[in-house]
Number of protein chains: 2
Amino acid sequence: MPKKKNGHFSDFLKRKSLRVTGERLRLFEGVSRQRGHFNVDGLVRRLHEQGLRVSRDMVYRNLPVLLEAGVIEQSFKTNRDTFYEAAARKKHHDHLYCRTCNRVVEFSDPVIEELQKKIAERFDFKVEFHCHQLVGVCKKCRK
Amino acid sequence: MPKKKNGHFSDFLKRKSLRVTGERLRLFEGVSRQRGHFNVDGLVRRLHEQGLRVSRDMVYRNLPVLLEAGVIEQSFKTNRDTFYEAAARKKHHDHLYCRTCNRVVEFSDPVIEELQKKIAERFDFKVEFHCHQLVGVCKKCRK
DNA sequence: TCCTTATTCAGACTGAGTCTTAATAAGGAA
DNA sequence: TTCCTTATTAAGACTCAGTCTGAATAAGGA
């Protein structure tokens with residue numbers, strides 16, 4: 001029984017005076033074990049396939065909570081959707097997005113991260129997340 | 001009469017075997033003189049106010065053309081809209097976006113730009129534009 | 001001038017994200 | 001435990017940025 005796993009999350013909820021509901025804990029567990037990028041509808045579909053009954057609306061309502069708790073982070077945006085991923089799985093990274101084949105390549109650069117932090121400080125800006133994606137055409141799609 | 005102004009644009013159209021229509025040239029001129037950030041519906045509204053009759057669809061259809069010709073560039077995205085700005089007006093920059101007051105602060109960092117270029121080269125990726133925004137809460141909104 | 005075909009317009013459509021309302025359940029008080 | 005207040009939930013309607021369709025128009029080559 002991994003009671004400990006969602007301990008941090010329910011602590012977070014209490015700290016924020018949000019109610020610790022079974023729904024939220026189940027959502028937390030379900031989301032935490034997802035791999036790769038997902039949009040909301042994709043997430044709901046996956047969770048259903050895994051036998052977890054959650055409504056789309058429930059996910060949308062709790063998105064800010066999951067983001068603030070650091071359970072997920074925003075990954076990248078296409079014209080249509082916003083994609084997320086479970087944050088605990090791996091360290092932060094940014095994305096190259098091929099608009100032709102929709103494939104995504106991850107990159108991370110500690111120098112860029114550091115410079116970003118400095119910029120935020122300079123403007124006295126509390127950054128909650130950032131979106132950094134290079135959009136274009138990958139090698140394959142250029143033939 | 002600044003005939004020369006849209007010369008580059010009509011050359012671009014010809015090079016791409018796209019038809020040089022009065023509509024497109026008018027759109028080009030209208031868009032070029034806009035200042036600040038705008039989304040599509042806002043742009044259409046502004047152009048109407050300035051006496052230029054363009055349909056929303058016309059703008060959407062020609063968005064890729066204007067982007068590729070370098071007339072506008074993508075600026076930042078909110079949950080709902082994508083914002084653009086006339087590119088010729090000023091040099092490239094990125095954005096801090098306050099999700100509370102929706103205000104936008106511009107920043108630019110040549111080192112980050114350079115590092116991005118290197119990353120794109122490493123993955124042999126032809127970058128058409130990039131989206132780099134730090135989302136959070138500005139000084140004022142934190143009281 | 002004619003003909004082909006890209007472009008334009010009007011308006012319907014799609015779907016991500018939001019909102020409403022009634023029902024439910026968390027958690028504090030006694 | 002029981003009751004009560006109030007946040008949360010489910011279902012489904014709604015909004016509106018962006019896309020698509022089909023008919024009318026006009027660019028540009030022959």
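Below, chain A is the first sequence line, B the second, and so on; all start at residue 1.
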Angle by which the axis turns from one end of the helix from C:dT1-D:dA30 to C:dA30-D:dT1 to the other, five pairs per end, to 10 degrees: 40°
Is it true that atom CZ of A:R142 has more than 12 heavy atoms of other residues, nucleotides or ligands lying nearer than 6.0 Å? yes
Distance col, row B:L13:CG vs B:F28:CZ, nearest 0.5 angstrom, shows 9.5 Å
Is it the case that B:E128 and B:Q74 place a side-chain donor and acceptor less than 3.5 Å from each other? no
Assign A:D41 to base, sugar-phosphate, or nothing according to its heavy-atom contacts below 4.0 angstrom with the strands shown. sugar-phosphate
Between which nucleotides of DNA chain C, 5' to 3', does chain A make heavy-atom contacts below 4.0 Å? C:dG15 to C:dG27
Side chain to side chain contact (heavy atoms under 4.5 Å, CB included) between A:E73 and A:H93: does it pass, once the steps are laid out? CA-CA 10 Å; A:E73 36 180 75; A:H93 54 263; 5.8 Å; no
Smallest heavy-atom separation, A:N62 atom then A:R24 atom, equals OD1-NE, 2.7 Å
Any donor-acceptor pair under 3.5 Å linking the side-chain atoms of A:D94 with those of A:H92? yes
Taken to the nearest 0.5 Å, the spacing of A:S108 OG from A:H132 NE2 works out to 12.0 Å
Quick one: pull up CZ in B:F38 and OG1 in B:T82 and give me the separation to the nearest 0.5 Å. 12.0 Å
Output the residues of residues 51-81 of chain A in contact with DNA chain D, where contact means a heavy atom of the residue under 4.0 Å from an atom of the strand; sort by number or write none. A:R53, A:S55, A:D57, A:M58, A:R61, A:N62, A:N79
So, for B:H37 and B:F76, is the gap between ring centers shorter than 6.0 Å? yes
Any donor-acceptor pair under 3.5 Å linking the side chain of B:D109 with the backbone of B:V111? yes
